[in-house]
Amino acid sequence: MDSERYDVDAWDSQTTDTPGMGANPEHSDWLRKARLVYEESTDYYQSSLFNNWRDNIAHYRSEHPQGSKYKQDAYKNRSKVFRPKPRSAVRTLEATAAAALFTNDNLLEVRGINPDDQMQTEAGKLHKAILQHRLETTIPWFLTSIGAYQDTHVYGICVSRQYWDRRTRKRKEYVAATDDMGEPLIDADGMMLAEEIEVEEVITDEPAIDLLAPDNFRFDPAADWRQPVKTSPYLIETIPMYAGDVMAMMSDADDGWHEYTLGQLVSHGKDDTDSKTVRDAREGKGREDAHDVNSANEFSIIWIHFNIIRDEEGQDWAFYTVGTGLLLTDPAPLEEVDPLGRARYAVGFSSIEAHRSHPSGTIELNRPLTDMINDVTNQRMDNVQLVLNKRYAIRRGANVDLGALMRNVPGGGVMMDNVNQDYKIMETPDVTQSSYVEQDRLGVESDELLGTFSQSSVNQNRNLNETVGGMNLMNASANQVQELGLRTFIETWVEPVLRTMVKLEGLYETDETVLALAAGKAEIYHEIDDELLMQDLVVKVNVGLGNTSPEQKLARFMQPIQAASALPEFMGELDFTEIGKEIFALTGQGDGERFMLTDEKKQERAEQQQGQMDPATQVKFEELKLKQAEMEFKQQTWQHEAQLEQQKQQFDQQFQSAKLQSDQEIARQEMALKRGLTLAELEAKLGLQSQQLELKAQETAAKLQNDQASTASKLQNERDLAAAKLTDSQNERAARLENLRSGGYDSYG
């Protein structure tokens with residue numbers, strides 16, 4: 001930490017006593033630190049940010065900003081049109097974000113850090129179900145996320161606070177009075193006595209996300225531009241509250257707020273910075289600041305500061321102050337005030353500007369082009385008006401009815417003494433085509449910068465817009481710019497916010513109904529304990545580059561399925577129910593559940609079809625089913641017999657071959673005995689005869705093999721003929737069954 005910037009002792013030597021510090025000198029130091037960092041941040045915000053934000057808001061509202069030449073007296077009667085290019089671009093980007101984030105209900109992924117850990121896997125499924133339930137029911141997620149995305153385009157950043165909103169109220173109830181033994185107390189008349197007790201009633205107990213105006217949140221501009229919340233030495237949230245609410249919290253001992261008078265609150269809770277000009281611009285022309293319209297009473301707006309300041313040892317301390325003059329709560333370690341720590345805040349952006357903590361928004365980047373487009377438009381409008389309503393040169397001192405001349409009423413007359421000398425029409429040439437060409441070119445440059453795709457882009461790129469491929473090429477280029485901004489927004493804000501929500505659920509979720517619903521969706525049938533809820537998880541939003549166009553998403557989704565259709569074995573492993581849900585989701589129909597038949601409806605339809613048959617038809621239907629079963633049994637028997645026949649032929653072939661070899665050996669031995677020779681001598685002497693015998697044996701084996709092949713071919717032909725007859729018979733019976741089911745008649749009988 002820079003010792004010169006945060007040397008409180010040096011700053012104290014130049015500061016007078018601050019009211020409301022109390023007797024504790026340590027608390028006095030914290031209040032001085034809070035004032036120091038707030039004033040330093042205010043200097044930077046007023047000099048570098050507030051004016052830009054004010055102009056950006058004016059452009060977003062299609063108004064010329066303060067200081068524009070169109071608000072000077074010289075342009076009082078000139079054209080002051082503001083073309084709503086910035087508003088149109090931001091609305092287009094918002095629509096793209098809505099299509100990408102809310103077309104599919106299964107974009108959210110919550111998984112364990114270790115995929116092999118069964119408990120983390122169950123925790124991921126459970127937290128995903130809980131988070132989806134909360135985002136759909138208790139948190140206005142659509143408005144919050146699209147509003148945050150809008151802030152990134154207007155201000156350059158968006159800021160949110162995540163917390164668990166638990167509010168209770170105390171009410172009195174009467175219960176039966178009991179003695180020390182737990183027995184009810186009864187009076188002399190036999191009436192049961194009652195006692196009054198105080199009961200705490202829960203009003204709200206749910207997670208919440210508050211989208212903060214960027215001018216109501218301060219962090220050090222020298223912080224790391226990638227993680228400003230984590231690395232800034234201080235964080236300041238300015239909270240507008242009613243004075244009556246502040247006094248109510250001061251009176252509640254559980255909140256631990258110091259007590260002050262209404263006059264002290266109003267005096268120190270004013271906002272004297274230029275952030276009021278930003279709020280005025282946000283409210284728009286003709287509206288007062290909603291936070292500065294009340295007098296000093298319990299409905300006055302008091303600005304409360306929630307300060308997080310890091311000390312020299314790296315410990316974060318948190319405390320509330322009224323402005324920078326009164327200490328509302330004693331400083332405490334941040335983890336004791338909020339277990340989330342700094343994760344309670346999230347700062348996101350959609351435009352990356354390296355090493356700049358407050359990047360320019362889309363409107364600020366496009367502001368010079370917007371000014372040029374408006375200049376060209378207004379000059380052309382002035383020219384058109386001069387062409388249609390001429391200016392006149394009037395001779396000084398001429399007796400001319402100036403009122404009638406200025407009104408220039410069609411069909412009216414103007415009285416003058418000398419028509420030829422008292423006045424002269426000042427001719428103005430009509431606007432040329434160059435004005436429209438220049439506007440179109442400026443529009444194309446603006447579209448390229450903003451990442452939008454408009455009609456001017458089509459008209460300017462004549463060579464591309466004449467073909468469908470060219471149109472797709474221009475649209476793809478615009479989509480890439482939009483996808484970059486959306487992905488940056490998801491990485492910097494959406495995913496950090498959802499990770500914080502998962503932590504909040506693990507810390508504070510006690511609603512048994514929500515837990516039961518989530519466990520049912522996650523298919524968890526055992527008890528949910530704290531260990532399961534507090535697992536470390538990873539939260540991702542499955543919106544990558546190339547997912548802003550629903551048509552392109554659907555086409556890319558169908559490509560692998562079409563490729564896999566050539567692999568029947570792989571297609572058998574796919575879950576077509578989930579594939580159908582994804583297709584319906586990509587077309588904006590949710591998960592398509594309402595289009596699918598449930599098991600009950602399938603059973604009901606089958607019963608209805610069966611119930612439509614008359615008794616005779618049902619009898620025939622059952623007979624056909626029995627015949628079909630009989631044919632299937634005969635087919636199985638025939639196949640078994642064919643297998644036995646084939647095995648018998650193989651055994652006969654092996655037997656004949658073995659018998660031939662045995663006969664040859666016996667013949668050789670007999671010849672050797674007759675001639676008194678050994679087998680070796682006989683073979684040497686009668687080698688030729690042995691070869692002849694071997695050749696004869698081979699011929700015999702070949703003949704047996706040919707006979708076997710002929711027999712097998714004959715059997716195969718017979719089998720094919722029998723199978724064809726069986727198939728025809730089965731087709732005939734299947735057709736008769738279908739006719740009986742659908743029409744109640746037998747077309748073959």
Side-chain angles (χ1 to χ4, degrees), residues 1 5-6 8 11 18 20-22 24-42 159-167 207-220 223-224 227-241 245-246 249-250 252-260 265 268-269 271 302-347 496-497 499-501 503-504 507-508:
M1 188 180 298
R5 294 183 59 191
Y6 299 99
V8 177
W11 185 78
T18 303
M21 290 183 178
N24 192 331
E26 183 180 355
H27 292 177
S28 177
D29 288 341
W30 282 113
L31 190 57
R32 289 191 178 95
K33 287 182 180 181
R35 172 176 290 183
L36 172 65
V37 296
Y38 182 76
E39 290 182 351
E40 287 191 352
S41 66
T42 298
V159 184
S160 66
R161 172 164 48 90
Q162 297 73 239
Y163 61 99
W164 192 269
D165 184 14
R166 178 178 173 82
R167 285 173 285 172
I209 305 173
D210 284 351
L211 188 62
L212 308 179
D215 49 290
N216 290 341
F217 187 78
R218 311 286 182 88
F219 59 86
D220 186 50
D224 188 343
Q227 296 177 316
V229 172
K230 183 178 180 180
T231 59
S232 175
Y234 63 86
L235 300 173
I236 305 174
E237 179 189 356
T238 58
I239 309 170
M241 296 181 63
D245 293 339
V246 176
M249 296 188 71
M250 288 190 300
D252 191 345
D254 295 337
D255 294 327
W257 284 29
H258 301 163
E259 293 189 15
Y260 299 99
L265 295 177
H268 292 281
D271 183 13
I302 305 299
W303 287 91
I304 304 299
H305 295 185
F306 180 71
N307 306 275
I308 299 176
I309 300 179
R310 183 177 298 156
D311 63 13
E312 293 78 3
E313 298 178 356
Q315 174 67 48
D316 286 329
W317 294 80
F319 54 96
Y320 286 91
T321 60
V322 181
T324 58
L326 299 175
L327 192 67
L328 267 180
T329 61
D330 295 336
L334 179 59
E335 291 75 13
E336 297 180 6
V337 177
D338 190 342
L340 293 176
R342 295 194 175 210
R344 63 183 277 146
Y345 295 111
V347 174
V497 167
R499 282 195 292 269
T500 304
M501 300 306 293
K503 292 181 180 179
L504 285 171
L507 288 169
Y508 301 110

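Computed from a predicted model, the values in this text were never measured in an experiment.
Between P331 and L327, the closest heavy-atom pair is CD-CD2, 4.3 Å. Among all heavy-atom pairs drawn from Y345 and V229, the shortest one is O-CG1, 4.0 Å. Listed here is the closest heavy atom pair of T231 and A223: OG1-CB, 3.5 Å. Minimum heavy-atom separation, S232 to L235: CB-CD2, 4.1 Å. Of all the heavy atoms in A208 and D165, the pair that sits closest is CB-CB, 4.1 Å.
Annotation: salt bridge (charged side-chain N to carboxylate O under 4.0 Å, His left out) contacts involving residues 315-328, sequence neighbours excluded, comprise R310-D316, D316-R342.
Note that the OG atom of S160 and the CG atom of L212 stand 7.0 Å from one another [nearest 0.5 Å]. In this structure, CG in L326 is found 5.0 Å from OH in Y260, a value given to the nearest 0.5 Å. If you take CE on M241 and CD1 on I304, they are separated by 6.0 Å, rounding to the nearest 0.5 Å. Separation of atoms NE2 (H268) and CG (L328) is listed at 11.5 Å; rounding is to 0.5 Å. Rounded to the nearest 0.5 Å, atoms CH2 (W317) and CD1 (I308) are 13.5 Å apart. To the nearest 0.5 angstrom, F217 atom CZ is 10.0 Å from R161 atom CZ.
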- Task: Would you sort out whether R166 and Y508 count as a side-chain contact (heavy atoms from CB on, under 4.5 Å), showing the intermediate values?
- Result: CA-CA 10 Å; R166 178 178 173 82; Y508 301 110; over 6 Å; no
- Query: Given the rule in the side-chain contact (heavy atoms from CB on, under 4.5 Å) test, do L265 and M250 qualify, once you have shown the distances and angles that lead to the verdict?
  - Reply: CA-CA 11 Å; L265 295 177; M250 288 190 300; 3.7 Å; yes
- Given D224 and K230, is the side-chain contact (heavy atoms from CB on, under 4.5 Å) satisfied, shown in steps? CA-CA 8 Å; D224 188 343; K230 183 178 180 180; over 6 Å; no
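Under the side chain to side chain donor-acceptor pair (under 3.5 Å) criterion, D245 pairs with no residue, sequence neighbours left out. T321 meets the side chain to side chain donor-acceptor pair (under 3.5 Å) test with N307; sequence neighbours excluded. A search for side chain to side chain contact (heavy atoms under 4.5 Å, CB included) contacts involving D330 returns H27, H258, not counting sequence neighbours. In this structure T329 satisfies the side chain to side chain contact (heavy atoms under 4.5 Å, CB included) test together with W257, F319, Y320, sequence neighbours excluded.
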Distance-only donor-acceptor pairs under 3.5 Å for side chains of residues 333-340, two or more places apart:
from: E335; atom 1: OE1; to: Q315; atom 2: NE2; distance (Å): 3.3
from: D338; atom 1: OD1; to: L340; atom 2: N; distance (Å): 3.0
from: D338; atom 1: OD2; to: R344; atom 2: NH1; distance (Å): 3.0

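Defined by atom type and a distance below 3.5 Å, a donor-acceptor pair is missing between the side-chain atoms of T238 and R218.
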